[in-house]
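Take a look at the structure set out below.
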Amino acid sequence: WRMATIAVVYLLLYFGFGMMVAWQNPALRTLYGEGANQQVFNYATLIPFQILRSGLWVLFLLPILRMDRGGLWQTALIAGLWLALPMNMFHAVPNPFMPDPSVRLSHFIETTTSNFLFGVAITWLLAWRPVQAGLSRPVVRAH
């Protein structure tokens with residue numbers, strides 16, 4: 001149930017921040033053909049890909065969650081930063097895929113914020129134990 005919840009949380013963050021943050025930029029909407037580009041917006045392939053991606057982010061975080069000895073909030077902060085920053089540095093430099101600085105900035109704000117929140121959510125979801133509600137550090141077990 002945790003992986004299903006994690007996938008749903010990721011989809012909500014992915015599409016929610018995409019619409020509420022990135023899609024507010026007119027230059028970004030133009031770049032993506034106002035949503036008509038079927039290479040980008042084919043939901044039959046996009047949604048399963050994003051579900052797979054959420055599982056990959058969990059796999060990337062498992063070593064951090066298992067090794068961290070800090071409190072739950074410290075671990076959640078580290079996990080959030082781990083997903084937010086290294087994966088989004090592509091948006092900080094000019095590149096041929098996103099030459100417009102405003103598009104890169106919109107995507108950077110969108111993805112760093114949503115990925116940070118996703119890392120925090122993963123930490124909480126994997127640390128949650130119904131019997132031990134007051135955990136001071138996550139207990140992550142491979143299932």
So, for [X] and [Y], which heavy atoms are closest and what is the spacing to 0.1 Å?
{"X": "Leu65", "Y": "Leu126", "result": "CD1-CD1, 3.8 Å"}
{"X": "Gly18", "Y": "Glu110", "result": "CA-OE2, 3.3 Å"}
{"X": "Leu59", "Y": "Pro63", "result": "O-CD, 3.4 Å"}
{"X": "Ser106", "Y": "Val21", "result": "O-CG1, 4.0 Å"}
{"X": "Ala127", "Y": "Leu72", "result": "CB-CD1, 3.6 Å"}
{"X": "Met87", "Y": "Trp82", "result": "CE-O, 4.1 Å"}

* Stepwise side chain to side chain donor-acceptor pair (under 3.5 Å) test for Asn88 and Thr112 -> CA-CA 7 Å; Asn88 292 299; Thr112 55; 5.6 Å; no
A side-chain contact here means heavy atoms from C-beta on lying under 4.5 Å apart; do [X] and [Y] qualify?
{"X": "Leu46", "Y": "Tyr43", "answer": "yes"}
{"X": "His91", "Y": "Leu105", "answer": "no"}
{"X": "Phe118", "Y": "Val9", "answer": "yes"}
{"X": "Leu83", "Y": "Ile122", "answer": "yes"}
{"X": "Asn42", "Y": "Phe49", "answer": "no"}

* Asked: How does the hydrophobic cluster around Val8 look, that is, which other residues are in it when side-chain heavy atoms under 4.5 Å mark a link?
  -> Leu12
* With distance as the sole test, does Asp100 use its side chain to make a donor-acceptor pair with the main-chain N or O of Met98 at under 3.5 Å? ->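 No, the answer is negative, given that no donor and acceptor are paired below the 3.5 Å cut-off.
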* Is it true that a side-chain atom of Asn25 and a backbone atom of Ser102 form a donor plus acceptor pair closer than 3.5 Å? ->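 Confirmed, Asn25 side chain pairs with Ser102 backbone.
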* Taking only residues at least two apart or on different chains, which pairs with a member in residues 9-33 satisfy salt bridge (Lys or Arg N to Asp or Glu O under 4.0 Å)? -> Arg29-Glu34
* Among residues two or more places apart or on two chains, list those pairs meeting salt bridge (Lys or Arg N to Asp or Glu O under 4.0 Å) that have a residue in residues 13-25. => none
* To do: Could you tell me whether Met20 atom CE has more than 12 heavy atoms of other residues or ligands within 6.0 Å of it?
  =>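 No, the 6.0 Å shell around CE holds no more than 12 heavy atoms from other groups.
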* Under the side-chain contact (heavy atoms from CB on, under 4.5 Å) rule, what do Phe97 and Phe90 come out as? Steps first, then yes or no, please. => CA-CA 10 Å; Phe97 300 108; Phe90 173 75; 3.7 Å; yes
* To do: Could you check Asn95 against Arg104 for side-chain contact (heavy atoms from CB on, under 4.5 Å), going step by step and ending with a plain yes or no?
  => CA-CA 9 Å; Asn95 63 74; Arg104 288 195 317 273; 3.5 Å; yes
* Going through the checks in order, is the side-chain contact (heavy atoms from CB on, under 4.5 Å) test met by Leu77 and Phe116? -> CA-CA 8 Å; Leu77 177 66; Phe116 177 82; 3.9 Å; yes
* Between Trp73 and Trp124, is the gap from one ring center to the other below 6.0 Å? ->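 Yes; Trp124 has its ring centre under 6.0 Å from that of Trp73.
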What's the separation between atom [atom1] in [X] and atom [atom2] in [Y], rounded to the nearest 0.5 Å?
{"X": "Asn115", "Y": "Trp57", "atom1": "CG", "atom2": "CH2", "value": "7.0 Å"}
{"X": "Tyr14", "Y": "Ile51", "atom1": "OH", "atom2": "CD1", "value": "12.0 Å"}
{"X": "Met67", "Y": "Ile78", "atom1": "CE", "atom2": "CD1", "value": "10.5 Å"}
{"X": "Leu56", "Y": "Tyr10", "atom1": "CG", "atom2": "OH", "value": "9.5 Å"}

* Asked: Would you call the rings of Trp23 and Tyr32 parallel, tilted or perpendicular if under 30° counts as parallel and over 60° as perpendicular?
  -> parallel
* Asked: Checking side chain to side chain contact (heavy atoms under 4.5 Å, CB included) against Gln50, which of Thr45, Leu11, Leu13 comes through?
  -> Leu11
